[in-house]
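One structure is given here, and the rest of the page talks about it.
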There are 2 protein chains.
Amino acid sequence: MSTLTDDVFAALASPVRRELLRLLLDGPRTVNDLASHFDMRRPSVSEHLKVLRDAELVSEHRVGRERRYQLEARPLVDLQDWLHPYERFWRERVKALRDVLEDM
Amino acid sequence: MSTLTDDVFAALASPVRRELLRLLLDGPRTVNDLASHFDMRRPSVSEHLKVLRDAELVSEHRVGRERRYQLEARPLVDLQDWLHPYERFWRERVKALRDVLEDM
DNA sequence: TTGACGAGTAGGAAGTTACCTACATAATAT
DNA sequence: ATATTATGTAGGTAACTTCCTACTCGTCAA
């Protein structure tokens with residue numbers, strides 16, 4: 001079953017949220033830690049994290065009064081699947097171009 | 001040089017625009033042809049096409065009074081590249097899971 | 001048990017988006 | 001020449017997004 005919903009594309013549309021995902025590549029982090037990388041108040045970062053959570057691009061688990069956010073790559077794998085038809089299209093165009101060049 | 005800008009992610013955030021791209025997989029189409037697939041007025045579809053054009057996800061060439069829109073897969077290939085670090089992350093997690101299972 | 005800390009939520013302002021209708025422009029057909 | 005067709009643009013409105021500050025809630029430490 002694919003988890004690639006509108007939410008995922010919408011979540012990725014924000015540079016802030018893409019940067020959050022990139023930061024989480026290094027492992028789980030707390031909200032304060034993540035927020036320190038942005039020129040933005042912490043509650044706004046919290047809101048961005050909520051968008052990522054709703055899209056299931058990150059998960060959260062509580063440790064004491066902290067919350068560790070963790071990357072969930074699954075929707076991104078689904079995004080890769082979504083790209084496949086376009087990749088095929090692209091390869092065909094490259095091939096067609098190569099064929100033309102061979103005839104010159 | 002990568003053409004993967006904010007514009008590309010923003011363009012993909014709309015279901016209408018993703019459907020436009022999907023339709024264009026079958027080959028170039030005119031605006032009226034494309035618009036006929038949506039429950040929306042033609043000028044709105046034109047505006048969506050402009051967003052896709054600005055993101056270089058489609059190109060346009062005029063044929064008489066028509067304009068043929070064509071898929072440009074390049075930004076999507078760049079999107080694939082953007083995904084690579086996440087794919088690696090995902091593979092490592094799958095591997096870790098497998099290792100755990102093997103020890104059971 | 002009280003104060004400080006980490007984090008989420010509420011409510012609001014400003015900016016952006018996505019529709020619409022009306023109009024403009026260029027090309028074809030009569 | 002004129003009407004028709006294909007398309008883009010202008011301008012407006014409603015909805016959504018993104019930021020903010022103020023506040024709440026739970027946890028930890030003194």
Side-chain angles (χ1 to χ4, degrees), chain A residues 4-24 26-72 75 79, chain B residues 4-24 26-72 75 79:
Chain A
L4 187 61
T5 55
D6 277 7
D7 288 17
V8 174
F9 286 101
L12 295 177
S14 154
V16 171
R17 290 192 290 264
R18 290 198 304 277
E19 178 65 11
L20 284 168
L21 293 180
R22 200 190 62 77
L23 289 167
L24 290 173
D26 294 338
R29 288 171 183 267
T30 64
V31 178
N32 270 333
D33 179 355
L34 290 167
S36 70
H37 291 81
F38 297 90
D39 185 20
M40 181 186 297
R41 303 294 174 185
R42 188 197 39 77
S44 303
V45 174
S46 257
E47 282 162 352
H48 281 298
L49 286 168
K50 175 169 170 46
V51 175
L52 291 172
R53 240 187 298 129
D54 288 349
E56 296 180 45
L57 280 159
V58 303
S59 61
E60 166 219 350
H61 64 281
R62 293 156 206 232
V63 178
R65 59 187 157 181
E66 295 181 342
R67 305 194 181 190
R68 296 271 162 67
Y69 278 86
Q70 186 170 27
L71 187 60
E72 293 293 333
L79 178 55
Chain B
L4 187 59
T5 56
D6 277 8
D7 290 16
V8 175
F9 286 101
L12 295 177
S14 153
V16 171
R17 290 191 290 265
R18 290 198 305 278
E19 177 67 10
L20 283 167
L21 294 180
R22 200 189 63 76
L23 288 167
L24 290 172
D26 294 339
R29 287 170 183 267
T30 64
V31 178
N32 270 334
D33 179 352
L34 290 167
S36 70
H37 292 81
F38 297 89
D39 183 20
M40 182 186 296
R41 303 292 174 189
R42 189 198 40 78
S44 303
V45 174
S46 255
E47 282 162 353
H48 281 298
L49 286 167
K50 176 169 170 44
V51 175
L52 291 171
R53 240 188 296 129
D54 289 348
E56 296 180 44
L57 281 159
V58 303
S59 62
E60 166 219 351
H61 64 280
R62 293 156 206 233
V63 177
R65 60 186 158 181
E66 294 181 342
R67 306 194 183 192
R68 298 269 162 69
Y69 278 85
Q70 185 169 29
L71 187 59
E72 293 292 334
L79 179 55

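Within every chain, numbering begins at 1; the chains are lettered A, B, ... in the order of the sequence lines, protein sequences first and strands thereafter.
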Whole-Å gap separating [atom2] ([N]) and [atom1] ([X]):
| X | N | atom1 | atom2 | answer |
| --- | --- | --- | --- | --- |
| B:F38 | C:dC20 | CZ | C1' | 17 Å |
| A:R42 | C:dG8 | CZ | P | 7 Å |
| B:D7 | C:dT16 | CG | C1' | 14 Å |
| A:D54 | C:dT9 | CG | C1' | 14 Å |
| A:R53 | C:dA7 | CZ | P | 12 Å |
| A:R29 | C:dA7 | CZ | P | 13 Å |
| B:L20 | C:dA18 | CG | P | 12 Å |
| A:R68 | C:dG6 | CZ | P | 12 Å |

Is there a side-chain polar atom (N or O) of [X] under 4.0 Å from OP1 or OP2 of [N]?
| X | N | answer |
| --- | --- | --- |
| B:S44 | C:dC20 | yes |
| A:Y69 | C:dG8 | yes |
| B:H48 | C:dT17 | no |
| A:N32 | C:dC5 | no |
| A:R67 | C:dG8 | yes |

First and last nucleotide of DNA chain D, 5' to 3', lying under 4.0 Å from heavy atoms of chain A: D:dT18 to D:dC28
With no angle test and no hydrogens, is the base of C:dC20 tied to the side chain of B:R41 by a donor-acceptor pair under 3.5 Å? no
Nearest heavy atom decides the nucleotide; on that basis, is A:P43 or A:R65 closer to the 5' end of DNA chain D? A:P43
Between A:V16 and A:G64, who's closer to the 5' end of DNA chain D by nearest nucleotide? A:V16
State the [atom1]-[atom2] distance between [X] and [Y], to the nearest 0.5 angstrom.
| X | Y | atom1 | atom2 | result |
| --- | --- | --- | --- | --- |
| B:T30 | B:R62 | OG1 | CZ | 14.5 Å |
| A:S14 | A:L20 | OG | CG | 7.5 Å |
| A:L52 | A:Y69 | CG | OH | 9.0 Å |
| B:L12 | B:L57 | CG | CG | 5.5 Å |

May I ask you to say what A:R17 touches in the nucleic acid, namely base, sugar-phosphate or nothing, with a heavy-atom cut-off under 4.0 Å? sugar-phosphate
So, does A:R29 use its side chain to make a donor-acceptor pair with the main chain of A:L34 at under 3.5 Å? no
So, the side chain of B:S36 versus the backbone of B:D33: is there a donor-acceptor pair under 3.5 Å, distance only? yes
Nearest to the side chain of A:E47 - C:dG11, C:dA18, C:dG6? C:dG11
For A:R17 and A:H48, what are the C-alpha separation, side-chain angles and deciding distance, and is it a side-chain hydrogen bond (donor to acceptor under 3.5 Å, both in side chains)? CA-CA 6 Å; A:R17 290 192 290 264; A:H48 281 298; 3.1 Å; yes
Cationic N near anionic O, under 4.0 Å, B:E47 to B:K50: no
